[in-house]
Amino acid sequence: MLKSFSKYRALAPDQRRWFRRCWWQFALWHIRIQYFPYHWWKARIFSEFNIESGHSLPLSLSEAIRLSEMAARHHIFPINCLRRCVVQQQLLAQYGYDLALHFGVAKQDARLKAHCWLTHKGQLINDGPEVVNTYTELKLAGEQSQHILASLR
């Protein structure tokens, strides 16, 4: 815990603000997904985000992703890929980034696993290709998205 706090204190002010913003959004999305019905929060995931190009992100895209991943790892709630992607997509849309949310499935030990990740201009930004390449990407339609999101809860 002390080591984590030292890492946080070593961040620049802009980095700390972004880290805190991500941390709080992770908490909000965890509560939405965990405690509210699927139909209540699904629309927020698949709606068009309000992309504003008038604001400038004080960090690079890779730095913003790195800090949000750090906030996810040091969270009090379990932050899975769905929560990470939704928060990153929504926060970065406010700075003009148009990110694509992808879903994939893989069969492991006779069980179906689901995963999601983000791309920007066709480039993977929040996961490694070694992970993503183990999943078959789905092109989702209505009912399919319910099954996939339910397994990511």
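Index from 1, following the sequence.
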Inset, instruction - Begin from the C-alpha positions of C22 and L91 and carry the test side chain to side chain contact (heavy atoms under 4.5 Å, CB included) through to its verdict. - result: CA-CA 8 Å; C22 292; L91 288 179; 3.8 Å; yes
Legend entry - From OH (Y8) to NE2 (H74), nearest 0.5 Å: 13.0 Å
Legend entry - Beyond-backbone contact of Q25 with R83, side-chain heavy atoms, under 4.5 angstrom: no
Legend entry - Shared hydrophobic cluster for I65 and L57 (ILVMFWY, side-chain gaps under 4.5 Å): yes
Inset, instruction - Fit a plane to each ring of F77 and H30, take the angle between them on a 0 to 90° scale, and name the class: parallel (under 30°), tilted (30 to 60°) or perpendicular (over 60°). - result: parallel
Legend entry - Interatomic spacing from CD in Q123 to CG in L61 - rounded to 0.5 Å: 11.0 Å
Inset, instruction - Treat each ILVMFWY residue as a node, draw an edge where side-chain heavy atoms are under 4.5 Å apart, and state whether L138 and Y135 are in one component. - result: no
Legend entry - Nearest-0.5 Å distance, CH2 of residue W23 to CG of residue L28: 10.0 Å
Inset, instruction - Would you please indicate if the ring centroids of W29 and F26 are separated by under 6.0 Å? - result: no
Inset, instruction - May I have all residue pairs that pass salt bridge (charged side-chain N to carboxylate O under 4.0 Å, His left out) and include part of residues 117-128, sequence neighbours excluded? - result: none
Inset, instruction - Verify the cluster assignment for V131 and L101: are they in a single hydrophobic cluster under the rule of side-chain heavy atoms below 4.5 Å apart? - result: no
Inset, instruction - Kindly say whether R111 contributes a backbone atom to a donor-acceptor pair with the side chain of D109 at under 3.5 angstrom? - result: no
Inset, instruction - Taking all non-hydrogen atoms of both residues into account, name the closest pair between P129 and L124 and its distance. - result: N-CD2, 3.5 Å
Inset, instruction - Taking ring pair (Phe, Tyr, Trp, His ring centres under 6.0 Å) as the test, write out the residues that go with W40, two or more places apart. - result: F36
Legend entry - Sub-4.5 Å side-chain heavy-atom contact between N126 and C85: yes
Inset, instruction - Indicate yes or no for a side-chain donor-acceptor contact from W18 to the backbone of A64 under 3.5 Å, with no hydrogens or angles considered. - result: yes
Legend entry - Pairs involving residues 66-79, ordered by first then second residue, that meet salt bridge (charged side-chain N to carboxylate O under 4.0 Å, His left out) (sequence neighbours left out): E63-R66, E69-R84
Inset, instruction - Report yes or no: do W117 and V87 belong to one cluster of Ile/Leu/Val/Met/Phe/Trp/Tyr joined by side chain heavy-atom distances under 4.5 Å? - result: no
Inset, instruction - Indicate the atoms forming the closest heavy-atom contact of T134 with E130, along with that distance. - result: CG2-O, 3.4 Å
Legend entry - Straight-line distance of N80 CG to I33 CD1, nearest 0.5 Å: 6.5 Å
Inset, instruction - Is it possible for you to say whether W24 and W41 belong to one hydrophobic cluster, with membership spreading through side-chain heavy-atom contacts below 4.5 Å? - result: yes
Inset, instruction - Kindly indicate whether the side chain of M70, heavy atoms from C-beta on, has any atom under 4.5 Å from the side chain of L11. - result: yes
Inset, instruction - First locate atom CG of L118, then atom CD of Q89, and finally report the distance between them rounded to the nearest 0.5 Å. - result: 5.5 Å
